[in-house]
Protein chains: 2
Amino acid sequence: MGNDAENNTEQKILVAAEHVFHEKGFDGARMQEIADKAGINKGLLHYYFKTKDSLFEAIFSVGNGKMMAHLETIFLLEIPLGEKIGRMVDQYMDLLAENPSLPRFVINELSKNPERFASKIISRNTLRTFSAFADSVQKEIKAGNIRPIDPRQLFMNVVSMILFPYVGSSLIRAVVGLTDKEFYALMQERKAHIKIFLNELIKE
Amino acid sequence: MGNDAENNTEQKILVAAEHVFHEKGFDGARMQEIADKAGINKGLLHYYFKTKDSLFEAIFSVGNGKMMAHLETIFLLEIPLGEKIGRMVDQYMDLLAENPSLPRFVINELSKNPERFASKIISRNTLRTFSAFADSVQKEIKAGNIRPIDPRQLFMNVVSMILFPYVGSSLIRAVVGLTDKEFYALMQERKAHIKIFLNELIKE
DNA sequence: GTCTATATCATGATAGAC
DNA sequence: GTCTATCATGATATAGAC
């Protein structure tokens with residue numbers, strides 16, 4: 001205890017690195033830019049993180065963890081499907097409002113390196129897997145609570161509606177013609193929009 | 001006429017470059033790899049395309065053009081909204097089945113360089129703009145053909161449902177656990193799935 | 001821990017022979 | 001047009017003084 005500013009420099013580095021990596025990806029990021037943003041020089045940067053890879057790994061694992069943790073919300077059991085979706089939408093959209101470039105970053109790096117996917121993070125708890133989700137959907141269908149639907153398509157629908165506007169914001173904003181302010185206002189409205197939309201999709 | 005193999009080497013370069021740029025993006029692409037894939041050496045590559053930028057521009061403009069052309073399907077006038085969406089889904093999904101990494105590529109490069117957006121390609125024809133689409137949606141709402149909905153949210157929904165599974169395939173495939181074959185089979189089923197889904201969304 | 005060199009290496013681009 | 005060098009630059013990483 002007492003070491004509040006445990007390592008102020010390391011924190012400054014991590015903040016700067018997160019910003020640069022999220023914005024430009026591993027390939028586009030420059031150690032020089034990270035050092036500049038952190039207010040230090042390259043030598044010191046390498047003192048804290050010996051390689052660009054190790055610094056990247058520190059940033060990626062955090063981002064990947066956030067993405068997966070929220071994805072897993074829909075894998076929770078013991079509550080109705082509509083409620084799962086509602087929670088997931090609210091939590092995810094709040095995260096994204098504060099980290100708009102997070103999903104694009106994680107998806108891109110995962111695309112370049114699919115093996116890296118965190119089997120540690122997901123399926124850590126055997127109750128929180130996609131197949132468990134699929135089973136619970138089938139159960140709700142048989143019980144007549146929701147209309148028949150392929151759980152994989154349902155999952156894609158939910159995730160697409162939430163993530164794409166952020167991942168593809170460059171495209172959407174260009175086509176629709178939106179300022180920053182307008183875009184973020186739309187995203188706030190979108191929380192309610194998606195919830196209504198998806199609940200009608202499954203409601204029988 | 002007669003010059004069928006007009007410039008065989010240039011074609012080989014363009015094919016190779018498209019593959020590499022789409023897969024790795026501008027920052028991750030290497031001129032060496034493009035040359036190797038085209039079966040030539042770097043010197044010759046630079047003879048055809050003086051700079052990496054100029055080669056990239058050739059690839060990007062084609063990809064961007066494809067993306068925009070299909071986006072504009074939904075901006076067509078004079079046919080009912082449901083039909084517009086149906087056409088867009090079919091055409092876009094067919095394009096994506098053959099170019100799975102195209103949307104991620106275009107979106108990423110557009111994100112790094114939003115100004116580059118092809119105002120030349122879209123809004124070339126004044127009848128094909130988002131605002132014209134928005135107007136036609138409002139008209140259909142007033143006529144009682146479809147239920148009230150913000151045209152911008154509707155547009156995002158359609159585009160998200162179509163594009164995200166491809167853009168975020170790395171994430172989806174990891175979470176759901178899909179082989180190549182399973183993924184592409186799902187994408188084929190998805191065409192019908194999306195059309196039903198979106199038609200119910202707007203149907204009153 | 002922090003800095004200033006400097007080493008090392010990869011990459012885009014050019015020069016010049018054929 | 002095509003190739004084999006080679007250059008020039010920029011980026012990661014290291015060495016060593018303070």
Side-chain angles (χ1 to χ4, degrees), chain A residues 1-63 105 108-109 111-113 116, chain B residues 1-63 105 108-109 111-113 116:
Chain A
M1 73 174 72
N3 55 358
D4 185 356
E6 162 145 15
N7 198 331
N8 194 13
T9 301
E10 183 168 356
Q11 277 308 310
K12 283 192 296 184
I13 290 174
L14 288 171
V15 169
E18 177 171 295
H19 192 262
V20 174
F21 277 129
H22 280 204
E23 217 57 46
K24 314 203 169 179
F26 180 85
D27 294 326
R30 295 289 168 257
M31 294 297 269
Q32 182 65 63
E33 185 178 355
I34 294 173
D36 291 346
K37 243 192 189 71
I40 60 175
N41 56 59
K42 280 193 295 182
L44 190 54
L45 180 54
H46 280 281
Y47 172 79
Y48 278 90
F49 293 89
K50 201 152 181 47
T51 67
K52 184 184 180 183
D53 271 279
S54 65
L55 177 53
F56 174 80
E57 190 51 38
I59 301 302
F60 177 79
S61 64
V62 170
F105 166 70
N108 280 333
E109 301 303 332
S111 301
K112 280 188 262 177
N113 209 337
R116 166 162 54 201
Chain B
M1 72 176 74
N3 55 358
D4 184 355
E6 161 143 18
N7 199 333
N8 194 14
T9 301
E10 182 168 358
Q11 277 309 308
K12 283 193 294 184
I13 290 173
L14 289 171
V15 169
E18 178 171 293
H19 192 263
V20 175
F21 277 130
H22 280 205
E23 217 57 47
K24 314 204 167 179
F26 180 85
D27 294 326
R30 295 288 167 258
M31 294 297 270
Q32 182 64 64
E33 186 178 354
I34 294 172
D36 291 347
K37 240 189 192 74
I40 59 175
N41 57 60
K42 279 196 297 181
L44 190 55
L45 180 54
H46 280 282
Y47 171 79
Y48 279 90
F49 294 90
K50 201 153 180 45
T51 67
K52 185 183 180 183
D53 271 279
S54 64
L55 178 52
F56 174 81
E57 189 52 38
I59 300 301
F60 177 79
S61 65
V62 170
F105 167 70
N108 280 333
E109 301 303 334
S111 300
K112 283 189 260 176
N113 209 338
R116 166 162 53 199

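Labels below follow one simple rule: chain letters A, B, ... track the order of the sequence lines, proteins then strands, and each chain is numbered from 1.
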Exercise. Does some side-chain heavy atom of Lys24(B) sit less than 4.5 Å from a side-chain heavy atom of Lys112(A)?
Worked result: no

Exercise. What integer distance in Å separates Ile34(A):CD1 from dG10(D):P?
Worked result: 19 Å

Seminar exercise, completed: By salt bridge (charged side-chain N to carboxylate O under 4.0 Å, His left out), Lys37(B) pairs with (sequence neighbours left out) Glu33(B)

Problem set entry | Separation of atom CG in Leu44(B) from atom C1' in dT14(C), rounded to whole Å | 14 Å

Exercise. Around atom NE2 of His19(B), are there more than 12 heavy atoms of other residues, nucleotides or ligands at under 6.0 Å?
Worked result: no

For this session: Send over the distance from Asp27(A) CG to dA10(C) P, rounded to a whole Å.
Result: 16 Å

Seminar exercise, completed: Per-nucleotide protein contact along nucleotides 11-18 of chain D, 5' to 3', at a 4.0 Å heavy-atom cut-off (B base, S sugar-phosphate only, - neither), is SBBB----

Problem set entry | Closest heavy-atom pair and its distance - Ala29(B), Val20(B) | CB-CG1, 3.8 Å

Exercise. Once you round it to whole Å, what is the distance between P of dT6(D) and CG of Asn41(B)?
Worked result: 15 Å

For this session: Give a yes/no on whether any side-chain N or O of Thr9(B) is located under 4.0 angstrom from OP1 or OP2 of dG1(D).
Result: no

For this session: Tell me, please, which residues at least two apart from Phe49(A) pass ring-ring contact (aromatic ring centres under 6.0 Å, His included).
Result: none

Seminar exercise, completed: The single option from Ile40(B), Val15(B), Leu55(B) that satisfies side-chain contact (heavy atoms from CB on, under 4.5 Å) with Ile34(B) is Leu55(B)

